[in-house]
Amino acid sequence: MKKITKFLAALLVPAMIISLTACGGDTSSTATENSSAQSSVNASAPADITSKIMTDIKFPSMAEIKDDRLASYYDIDASKIDSFSAFICGSGAYPDEIAIFKMKSSDDVQTVKTVLEGRVEKQTTTFKDYTPDEMYKIDGKNIVVNGNYIALIICSDNAGATDTFNNMTK
């Protein structure tokens with residue numbers, strides 16, 4: 001019995017040391033990865049903001065609006081946009097939409113705000129008879145501006161999405 005105990009101890013002690021060493025290495029690596037991930041979120045790229053909002057708030061199936069379709073939804077001079085990220089309800093059955101623009105100049109923010117207000121009016125006209133129970137999402141607080149950032153937010157929790165937008169564009 002003593003031989004088995006010594007044998008098991010001889011096997012287990014080195015295994016424990018290796019696993020502790022490996023865990024220690026993984027922990028510092030994970031901390032570095034988390035720090036890098038945090039830095040990228042703090043960069044406040046529109047894609048990071050839309051991703052965070054869509055993770056935190058329930059959305060229907062969403063379809064991304066890419067560069068080649070931008071003009072179909074928003075009449076904005078693409079040369080004045082630093083970066084953007086936009087999504088609409090993929091099925092078209094709901095008014096849910098999120099679009100975040102980072103403009104190159106603060107001079108262009110008001111123009112984009114006017115364009116997005118027009119988009120909200122269009123969505124109101126489209127959905128008021130089609131899905132009237134979804135109209136609470138279009139609440140008159142759907143356009144949010146923070147510095148050179150401007151957002152169109154139509155979702156089940158506009159206030160929560162607006163808070164995330166404001167926190168990430170500080």
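Being a predicted model, the structure only gives us computed values, none of them experimental.
No continuous path of ILVMFWY side-chain contacts below 4.5 Å connects Met54 to Tyr94, so the two sit in separate hydrophobic clusters.
When every heavy atom of Gly160 is checked against every heavy atom of Ile57, the shortest pair comes out as C-CD1, 3.9 Å. Taking every heavy atom of both residues into account, Asn148 and Ser106 meet most closely at OD1-CB, 3.2 Å. The heavy-atom pair separating Pro95 from Thr131 by the smallest distance is CD-OG1, 4.4 Å.
Residues passing the salt bridge (charged side-chain N to carboxylate O under 4.0 Å, His left out) test with Asp157: none are found, sequence neighbours excluded. Take Lys122 and apply the salt bridge (charged side-chain N to carboxylate O under 4.0 Å, His left out) test, not counting sequence neighbours, and it matches no residue. For Ser79, the side chain to side chain donor-acceptor pair (under 3.5 Å) partners are Asp77, not counting sequence neighbours. Not counting sequence neighbours, Thr162 has no partner by the side chain to side chain donor-acceptor pair (under 3.5 Å) test.
Exactly one residue among Thr50, Asp48, Thr55, Asp56 makes a side chain to side chain donor-acceptor pair (under 3.5 Å) with Lys52. That residue is Asp56.
Atom-to-atom distance recorded for Ser83:OG and Tyr149:OH is 6.5 Å, nearest 0.5 angstrom. Summarising the geometry, atom CZ belonging to Arg119 is positioned 12.0 Å from atom CG belonging to Asn142; distances are rounded to the nearest 0.5 Å. Rounding to the nearest 0.5 Å places CD1 of Ile98 at 13.5 Å from SG of Cys89.
Listed by first and then second residue, the salt bridge (Lys or Arg N to Asp or Glu O under 4.0 Å) pairs involving residues 124-147 are Asp96-Lys137, Glu134-Lys137 (not counting sequence neighbours).
Members clustered with Phe84: Ile65, Leu70, Tyr73, Tyr74, Ile76, Ile81, Ile88, Phe101, Met103, Val109, Val112, Val115, Leu116, Val120, Phe127, Tyr130, Met135, Ile138, Ile143, Val145, Ile150, Leu152, Ile154, by chain and number, using a 4.5 Å side-chain heavy-atom cutoff among hydrophobic residues.
Under the 3.5 Å distance criterion, the side-chain polar atoms of Asn158 are matched with a main-chain donor or acceptor of Cys155.
At a threshold of 4.5 Å between non-hydrogen side-chain atoms, the residues Thr169 and Ile100 do not count as touching.
Asn167 CG: more than 12 foreign heavy atoms inside a 6.0 Å radius.
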